[in-house]
There are 2 protein chains.
Amino acid sequence: MKLTSKGRYAVMALVDLAKFNDINPVSLRDISLRQGISLDYLEQIFSKLRKKEIVQSVRGTQGGYVLNKKAKEIKLTNILDAVDEKVKTVQCKKELKKGCNGKATKCLTHNLWDELETHINNFFDKKSLEDLVQDNIERRV
Amino acid sequence: MKLTSKGRYAVMALVDLAKFNDINPVSLRDISLRQGISLDYLEQIFSKLRKKEIVQSVRGTQGGYVLNKKAKEIKLTNILDAVDEKVKTVQCKKELKKGCNGKATKCLTHNLWDELETHINNFFDKKSLEDLVQDNIERRV
DNA sequence: ATAAACCCGACTAAAATAGTCAAGTATCAT
DNA sequence: ATGATACTTGACTATTTTAGTCGGGTTTAT
């Protein structure tokens with residue numbers, strides 16, 4: 001299972017973006033400043049988000065990024081997938097043909113990790129960017 | 001969030017152990033052979049499990065390890081905690097005083113990771129070693 | 001006695017992470 | 001036109017984590 005800063009940054013940045021989305025393209029510089037994330041790193045992250053069509057870029061002065069879909073339609077799964085934060089509980093899955101740990105049969109805990117993966121993915125499938133923005137506004141009030 | 005081979009090995013090894021537990025102490029050598037896990041690595045892992053009183057050791061020839069509690073009473077949370085696989089979704093939690101990402105306030109996604117952590121921990125709290133052994137026997141039949 | 005096992009601490013190669021850096025290209029405002 | 005702003009791309013790198021390895025113990029059944 002992987003879940004690191006890259007995924008967290010991606011989600012944070014998109015929540016930030018979603019809040020300002022209606023008005024203008026949002027520059028990474030602004031997100032960088034507001035969220036305290038390295039600009040160079042953000043560029044890497046947004047490059048991936050763009051390739052997966054989660055955001056669109058607007059080049060030139062006054063440029064930046066805008067959401068490519070409605071916030072409600074962007075699920076956390078999409079975001080984390082885009083930045084390669086696969087929710088993989090174990091290597092078991094990688095090498096299905098030859099079983100787990102190089103053995104011919106499934107390892108003793110194979111089903112467990114499968115279940116966990118489903119459990120976590122359910123969580124991410126339900127949450128949309130809109131939920132997060134909403135959650136955020138409410139808490140501030 | 002961390003969930004790597006160490007945690008997986010710990011769980012696998014304990015399921016193995018639990019299956020043979022009634023008869024004799026189980027040596028790490030046997031577990032190593034059956035599960036394809038390095039003996040030296042297993043020793044590190046069991047050292048931690050022993051310190052957290054999940055297993056007891058029996059030294060000398062014919063020695064090995066036995067469960068220190070009933071399989072039903074050993075939850076996955078206990079196992080993963082013991083080997084330092086804290087289910088930490090993010091650093092946010094480490095530095096609560098100064099907020100997230102060095103900012104004075106909670107980061108935009110703080111609540112999200114909190115929720116996820118709870119979600120995962122619920123899963124681990126419900127699963128006992130007995131469940132896993134049972135699951136395993138059933139599948140074989 | 002000796003072999004089987006646990007016990008312990010230090011070391012290390014490889015991979016992953018979280019960036020940084022350099023050299024672009026596109027576009028807007030003036 | 002031209003400069004400033006901002007995206008684009010790819011390569012590089014320091015640090016940390018992971019998954020071990022290694023070398024020495026100590027204990028105990030036989």
Side-chain angles (χ1 to χ4, degrees), chain A residues 1-13 17 20 24-33 35-52 54-66 68 80 83-86 88-92 94 101-102, chain B residues 1-13 17 20 24-33 35-52 54-66 68 80 83-86 88-92 94 101-102:
Chain A
M1 162 99 195
K2 254 170 55 181
L3 230 177
T4 63
S5 288
K6 183 153 59 177
R8 187 168 90 256
Y9 288 168
V11 178
M12 280 174 67
L17 177 55
F20 294 85
N24 275 320
V26 181
S27 73
L28 294 189
R29 194 176 145 278
D30 287 354
I31 296 179
S32 168
L33 290 173
Q35 304 304 327
I37 303 170
S38 141
L39 176 59
D40 283 312
Y41 204 25
L42 273 178
E43 284 179 341
Q44 280 185 35
I45 291 170
F46 272 75
S47 165
K48 293 181 174 186
L49 293 174
R50 185 172 53 86
K51 276 170 193 152
K52 288 294 168 69
I54 290 169
V55 296
Q56 265 192 339
S57 67
V58 179
R59 301 185 70 156
T61 320
Q62 304 295 97
Y65 287 91
V66 290
N68 201 24
L80 296 174
V83 297
D84 298 319
E85 293 265 50
K86 317 228 156 81
K88 262 204 180 333
T89 39
V90 275
Q91 278 93 330
C92 288
K94 279 190 204 151
N101 251 25
Chain B
M1 161 99 196
K2 256 170 53 184
L3 229 178
T4 63
S5 289
K6 184 153 59 180
R8 187 169 90 254
Y9 288 168
V11 178
M12 281 174 67
L17 177 55
F20 293 84
N24 275 319
V26 181
S27 74
L28 293 189
R29 193 175 146 278
D30 287 354
I31 296 179
S32 167
L33 290 173
Q35 303 305 327
I37 304 169
S38 142
L39 176 59
D40 284 313
Y41 203 25
L42 274 178
E43 285 182 339
Q44 280 184 36
I45 291 169
F46 272 75
S47 164
K48 292 182 175 186
L49 293 174
R50 186 172 52 86
K51 277 170 193 151
K52 288 292 168 68
I54 289 169
V55 296
Q56 265 192 340
S57 67
V58 179
R59 300 187 72 159
T61 320
Q62 302 296 96
Y65 287 91
V66 290
N68 200 23
L80 297 174
V83 298
D84 298 320
E85 294 266 51
K86 317 226 154 83
K88 261 203 181 335
T89 39
V90 276
Q91 278 93 329
C92 287
K94 280 189 204 152
N101 251 27

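Just so we're clear, the structure is a prediction, and the values are computed from it rather than from any experiment. Here is the naming used below: chain letters follow the sequence lines, and residue numbers restart at 1 for every chain. Scope of the values below: all heavy atoms of this structure, side chains included, with no hydrogens, waters or symmetry mates.
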- Message: Could you check whether any side-chain heavy atom of B:Gln62 comes within less than 4.5 Å of a side-chain heavy atom of B:Asn24, counting everything from C-beta outward?
- Response: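 No, their side chains stay 4.5 Å or more apart.
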
- Message: Both A:Gln62 and B:Gln62 contact DNA chain C. Taking the nearest nucleotide for each, which residue is further toward the 5' end?
- Response: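 So the residue in question is B:Gln62.
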
Rounded to the Å, how far apart are [X] [atom1] and [N] [atom2]?
{"X": "B:Gln35", "N": "D:dG20", "atom1": "CD", "atom2": "P", "result": "14 Å"}
{"X": "B:Ile45", "N": "D:dA19", "atom1": "CD1", "atom2": "P", "result": "9 Å"}
{"X": "A:Ile37", "N": "C:dA18", "atom1": "CD1", "atom2": "C1'", "result": "12 Å"}
{"X": "B:Leu42", "N": "C:dC8", "atom1": "CG", "atom2": "P", "result": "16 Å"}
{"X": "B:Met12", "N": "D:dA19", "atom1": "CE", "atom2": "P", "result": "13 Å"}
{"X": "B:Phe46", "N": "C:dA5", "atom1": "CZ", "atom2": "P", "result": "14 Å"}
{"X": "A:Leu33", "N": "D:dT5", "atom1": "CG", "atom2": "P", "result": "13 Å"}
{"X": "B:Leu3", "N": "D:dT18", "atom1": "CG", "atom2": "P", "result": "11 Å"}

Measure across [X] and [Y] and return the closest heavy-atom pair with its distance rounded to 0.1 Å.
{"X": "B:Val83", "Y": "B:Lys48", "value": "CA-CD, 4.0 Å"}
{"X": "B:Pro25", "Y": "B:Val66", "value": "CA-CG1, 3.8 Å"}
{"X": "B:Leu42", "Y": "B:Leu28", "value": "CD1-O, 3.7 Å"}

- Could you pick out which residue, A:Leu28 or B:Gly60, lies toward the 5' side of DNA chain D when each is mapped onto its nearest nucleotide?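 Nearest nucleotide further toward 5': that of A:Leu28.
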
- Message: Which nucleotide wins on minimum distance to the side chain of A:Ser38, given the candidates D:dT21, D:dA19, C:dG19?
- Response: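 Among the listed nucleotides, the one closest to the side chain of A:Ser38 is C:dG19.
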
- Among C:dC7, C:dT20, D:dT18, the one nearest B:Arg59 by side-chain distance: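 Per side-chain heavy atoms of B:Arg59, the pick is C:dC7.
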
- How would you label the contact of A:Val55 with the nucleic acid (heavy atoms, under 4.0 Å): base, sugar-phosphate, or nothing?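 Nothing: the residue A:Val55, judged by heavy atoms under 4.0 Å, touches no strand.
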
Look at [X] and [N] and indicate whether a side-chain polar atom (N or O) is within less than 4.0 Å of OP1 or OP2.
{"X": "B:Thr61", "N": "D:dT27", "result": "no"}
{"X": "B:Ser27", "N": "C:dA4", "result": "no"}
{"X": "B:Tyr65", "N": "C:dA5", "result": "no"}
{"X": "A:Thr4", "N": "C:dA18", "result": "yes"}
{"X": "B:Tyr41", "N": "C:dT12", "result": "no"}

Can you give me the N/O atom pairs linking the protein to nucleotides 9-16 of chain D at distances under 3.5 Å, or say none if there are none?
| from | atom 1 | to | atom 2 | distance (Å) |
| --- | --- | --- | --- | --- |
| D:dT9 | OP2 | A:Arg50 | NH2 | 2.6 |

- Task: Before giving the answer on side-chain contact (heavy atoms from CB on, under 4.5 Å), spell out for A:Lys6 and A:Tyr9 the whole-Å C-alpha distance, their side-chain angles and the decisive distance to 0.1 Å.
- Result: CA-CA 5 Å; A:Lys6 183 153 59 177; A:Tyr9 288 168; 5.9 Å; no

- Donor-acceptor contact present, side-chain B:Ser32 to main-chain B:Ser38, <3.5 Å: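 Side chain of B:Ser32 to backbone of B:Ser38, a donor-acceptor pair under 3.5 Å: no, none is there.
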
- Task: Check whether any side-chain N or O of B:Ser27 sits under 3.5 Å from a backbone N or O of B:Gly64 as a donor-acceptor pair, and report yes or no.
- Result: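 Here the side-chain-to-backbone pair does not exist.
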
- Task: Would you please classify the geometry between the A:Phe46 ring and the A:Tyr65 ring as parallel, tilted or perpendicular, with 30° and 60° separating the classes?
- Result: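 Judged by the thresholds at 30° and 60°, the geometry between A:Tyr65 and A:Phe46 is tilted.
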
